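Notes follow once the structure below has been shown.
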Amino acid sequence: MTDHAINAPTRGRTLRSLVYDPKVRSLFFQIVTVVITAFFIIEIYHNVTTNLAQSNTASGYAFLGSRAGFDIGQSLIAYSSDSTYGRAIIVGLLNTLLIAACGIVTATIIGFVVGLGRLSKNWLIAKLCTVYVEVFRNIPPLLVIFFWYSGVLSTLPQPRDAIQAPFNIFLSNRGLTFPKPIWGEGSGLMVIGFVAAVLLSIAVSQWAKRRQMATGQQFPSGWTALGLIIGLPLIGFLAAGSPLTFDIPVEGRFNLSGGAVIAPEFVALYLALSFYTAAFIAEIIRAGIGGVAKGQSEASAALGLQPSQATRLVVVPQAMRIIIPPLTSQYLNLTKNSSLGIAIGFPDLVSTGGTTLNQTGQAVEVVAIWLVVYLTISITTSLFMNWFNAKMALVER
Amino acid sequence: METRNLSYVRDSMLPPEPAPDNSRSSAAWIRANLLATPKDVVFTLLAIVLLAYALPGIINWLFIQASWVGSDRSVCATVVQGGLQPNGWSGACWAFVEDRFAQFIFGRYPLDQRWRVLLTLGLFIALLAPMLIPKAPKKGLNALLLFVVFPVVAFFLLSGGFGLSHVETPLWGGLMVTLILSFVGIAVSLPLGILLALGRRSKMPVIKTICVVFIEVIRGVPLITVLFMANVMLPLFLPTGWTIDNFLRALVGVALFASAYMAEVIRGGLQAIPKGQTEGSESLGLSYWQTTRLIILPQAIKLVIPGIVNTFIGLFKDTSLVSIIGMFDLLGIVQLNFRDPSWISPVVPLTGLIFAGFMFWVFCFGMSRYSAFMERHLDTGHKR
């Protein structure tokens, strides 16, 4: 008995003990997984190369340099059908970024207003905002896009009977036509004024913060910044002798000529993404503000803060900590949903990439470009928002 | 302690007094909820002006001016557009929805075979209803029937076999496709999501890496690129000569996409369960799978029911994207129909989209209400 007990460990590991050893088991399962995954990857690689060889498709990214041959309705950089596929994809990427940036700004504003509205003590406002949220959260974004595109914008009149708004802005089923500003010589002064204003505002707000920390005196740095940012470029503009002329759109017999045009595809996608995402942002805002303990606003009232001051200085900064992480994922969702523009022909990354894919048959390469670009956007946004979140996070003693 | 009879202490409760008049009349309610501060007065007035401006127009367009019966575009077009309505008329064209209703539900499924779809739907409702009612007995058997037996039966009923004629998937369409895609997406994404979430929390580096890469890549890209991938890459991945049905490609795309999101939701729940639960069950001698199945998952899933249902709702809405890769789900078929020359009119697209939007809304709103109900029902009171 004693012998047995002493001898047991020295007898070495039996097969049975090996089977029940967590380390051995984990190693075994991982090896099996690696073998299976490797088998699939080799099999897929083999199949892809055989299939591509059969359909005579050359692999590689050489196609990016050849002539695209298709037109793109809206482009931020010079592009014609003689440009390369690579340039077409860059045009698409820029359009994606443009619509995402515009959409994020509007969606945030609408979302904040609706989210605060839902928390309002005013019954009518709260109910209206609830209806807005419940309607938009429960229908597909694609449907909202079609609603604006096929339901609203395409029923607008022809360009010759365009709806005329003040300042020579025309609205028709070809889009929104507005006077195009043409910057003359010396406009650089405005840009310099703007940059100087931004730098000065940052300096002023930091100085004001230091002074408040030291003396408790407040300084209206917000108003100062606003004045600087409007004032300095204005001074630059006047100093250069108002170098701005407009190319005003004129109603022709069949069409509008002159001016700048925003395509209906852009307008539809922009409105749809803003309204759709705003419903989700509103819920995030509501949850964030609801998540701040009631004692905080009661305490600020006890300290003599106005309700608006309490909201601005006490409640919102704390709510931001709850709001920022889900808000980030909504921004990313909006960016990803902008790919739905393909359904109405908005030339975004997926749309121009899709045309390239159809024309060249380079499926693997185009999909790889999509993956890389979208993952880069996701990761960059997450990193930035994580940094911002860390800055805002509660500093515990 | 001895209770003494104190004559000056009341031994029965007084009936509650009604609230003072100035706090329970409807005027008081209006004062408190609509006109509390000057700012509220302004907001209320603004809201009333907005409603007075918009509501009559909307109701007028949707119902009063609407054209309810008819068999072609003439009832929904003005005289100038070649129809019967007076010039300047605008109203919803419900005649279009009525005329194409069967297509919106069944797509181009053969007319004489549509009973098969209805039978499948009937079976589905008969199995789903007891699943959703918390008090109904035999949940295990019911789940087995709904998620294992039903899909097999439904597959043969819908696509043919055992004496039923073969109906090809390109003929499927409408609400039927939306529901099939969502059902399969839900049935696949929940278990796959659980496995991925467990894998992501696993201590085995290889399995963890595979799960993390899968989840993050899928979550980082739009669904439409996943669908494109399923559509153009899947055939490339298969050995030469194999083909894969378009419908199946979309199903694979949607299900994989939803599982990545589901995995993150479940992971949130798993993280919220204290380590003591695992340690406790291990000390009782339960194996990993027993611990997971009996102790961890029931608690974790209960915590994240709202998130799971939100993913389901997202999945249901996302099925509309298959119309971009050439399939006709509810939204796709509505769009196809309003381009039909026999119904072309400026009001038809808007009417069709409002109808489709309402259908989607009913399903999604129903799901969110049911999740709120389940949350209350399962709430055991101990919050973490």
Side-chain angles (χ1 to χ4, degrees), chain A residues 26-27 29-31 33-34 37 43-44 46-48 50-52 54 117 120-128 134-135 137-144 146-147 149-152 154-155 332 335-340 342-343 350 353-354 357 363-364 366-367 370-371 374-379, chain B residues 29 32-34 36 39-40 43-44 46-48 50-51 90 203-207 210 216-217 219-225 228-229 232-233 235-240 313 316-321 323-324 331 335 338 346-347 349-350 352-354 356-358 360-365 367-368:
Chain A
S26 131
L27 198 67
F29 283 126
Q30 294 192 60
I31 290 172
T33 321
V34 168
T37 321
E43 184 68 9
I44 286 172
H46 173 74
N47 285 336
V48 169
T50 343
N51 285 330
L52 286 182
Q54 278 204 343
S120 162
K121 287 194 187 74
N122 188 322
W123 182 85
L124 200 55
I125 299 286
K127 280 287 170 281
L128 276 180
E134 290 296 351
V135 165
R137 275 205 320 170
N138 289 318
I139 51 178
L142 190 59
L143 201 140
V144 187
F146 283 133
F147 173 81
Y149 189 66
S150 316
V152 178
S154 73
T155 57
L332 284 176
T335 312
K336 286 185 276 173
N337 279 338
S338 71
S339 63
L340 298 182
I342 192 175
V350 172
L357 194 159
V364 182
V366 171
V367 169
W370 281 339
L371 287 186
Y374 277 108
L375 289 178
T376 313
I377 294 176
S378 295
I379 291 169
Chain B
W29 185 88
N33 290 302
L34 296 177
K39 211 168 68 187
D40 276 326
F43 279 143
T44 306
L46 278 178
I48 289 174
L50 179 78
L51 285 178
S90 178
K203 289 191 190 73
M204 304 180 212
V206 171
I207 289 173
I210 291 176
E216 293 305 330
V217 167
R219 270 164 38 95
V221 299
L223 174 57
I224 191 72
T225 56
F228 267 124
M229 265 166 88
V232 296
M233 307 269 280
L236 280 180
F237 286 171
L238 294 173
T240 321
I313 293 176
F316 190 81
K317 292 189 292 183
D318 281 344
T319 56
S320 63
L321 266 65
S323 63
I324 297 177
L331 185 56
Q335 255 197 303
F338 65 61
V347 293
L350 198 53
L353 288 172
I354 289 175
F358 179 72
F360 274 106
W361 186 84
V362 166
F363 279 97
C364 295
F365 191 69
M367 279 194 261
S368 77

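Convention: sequence-line order gives letters A, B, ...; per-chain numbering from 1. The shown structure was predicted, so the numbers you read here are calculated from the model rather than taken from an experiment.
With a 4.5 angstrom heavy-atom cutoff, A/Thr376 does not touch chain B via any of its atoms. Heavy atoms of B/Glu216 lying under 4.5 Å from chain A belong exclusively to its backbone. The part of B/Phe338 that comes within reach of chain A is its side chain, from C-beta onward, which places non-hydrogen atoms under 4.5 angstrom from that chain. Heavy-atom distances place both the backbone and the side chain of B/Leu34 under 4.5 Å from chain A. Only the side chain of B/Ile324 comes within contact range of chain A, with at least one heavy atom under 4.5 Å from a heavy atom of that chain. With a threshold of 4.5 angstrom between heavy atoms, A/Ile379 does not approach chain B through any atom at all. Both the backbone and the side chain of A/Leu143 have a heavy atom closer than 4.5 Å to some heavy atom of chain B. Interface remark: B/Val217 contributes backbone and side-chain atoms alike to the contact with chain A (heavy atom separation under 4.5 Å). Residue contact with chain A, scored on non-hydrogen atoms closer than 4.5 Å, is absent for B/Ala36. Heavy atoms closer than 4.5 Å to chain A are found in the side chain of B/Ile210, but not in its backbone. With a 4.5 angstrom heavy-atom cutoff, A/Ser339 touches chain B via backbone and side-chain atoms both. Contacts between A/Val367 and chain B at a heavy-atom distance below 4.5 Å involve the side chain alone, from C-beta outward. Interface remark: A/Ile342 contributes side-chain atoms only to the contact with chain B (heavy atom separation under 4.5 Å). For B/Pro205, the parts lying under 4.5 angstrom from a heavy atom of chain A are both the backbone and the side chain. No part of B/Leu46 comes within reach of chain A, as not one of its non-hydrogen atoms sits under 4.5 angstrom from that chain. With a 4.5 angstrom heavy-atom cutoff, A/Ile125 touches chain B only via side-chain atoms.
The minimum heavy-atom distance between A/Leu124 and B/Ala47, with the atom names listed, is CD2-CB, 3.7 Å. A pairwise comparison of heavy atoms in B/Gly220 and A/Leu375 identifies CA-CD2, 3.7 Å as the closest pair. Nearest heavy-atom pair, B/Phe237 versus A/Asn47, reported as atom, atom and distance to 0.1 Å: O-ND2, 2.7 Å.
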So B/Cys364 and A/Ile139, side-chain contact (heavy atoms from CB on, under 4.5 Å) or not? Walk me through it. CA-CA 7 Å; B/Cys364 295; A/Ile139 51 178; over 6 Å; no
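Other residues, nucleotides and ligands place no more than 12 heavy atoms under 6.0 Å from the CZ atom of B/Phe43.
Side-chain N or O atoms of A/Asn51 include one that pairs as donor or acceptor with a backbone N or O of B/Leu236 at under 3.5 Å. Under the 3.5 Å distance criterion, the side-chain polar atoms of A/Asn122 are matched with a main-chain donor or acceptor of B/Asp40. A donor-acceptor pair under 3.5 Å links the side-chain atoms of A/Lys336 to the main chain of B/Arg219, judged by distance alone. Under a 3.5 Å cut-off, the side chain of B/Trp361 and the backbone N or O of A/Glu134 do form a donor-acceptor pair.
Chosen from B/Pro222, B/Pro349, B/Ser90, the residue pairing most often with chain A at heavy-atom distances under 4.5 Å is B/Pro222. Note on B/Lys39, B/Met233, B/Met229: by heavy-atom pairs under 4.5 Å with chain A, the leading option is B/Met233. Interface remark: of the candidates B/Leu50, B/Val362, B/Ile224, B/Ile224 forms the most heavy-atom pairs closer than 4.5 Å to chain A.
Using a 3.5 Å distance cut-off with no hydrogens or angles, the side chains of B/Ser368 and A/Asn138 do not pair a donor with an acceptor.
Residues A/Phe147 and B/Leu350 have side chains in contact (heavy-atom distance under 4.5 Å, counting atoms from C-beta outward). Residues B/Val221 and A/Trp370 fail the side-chain proximity criterion, which asks for heavy atoms closer than 4.5 Å.
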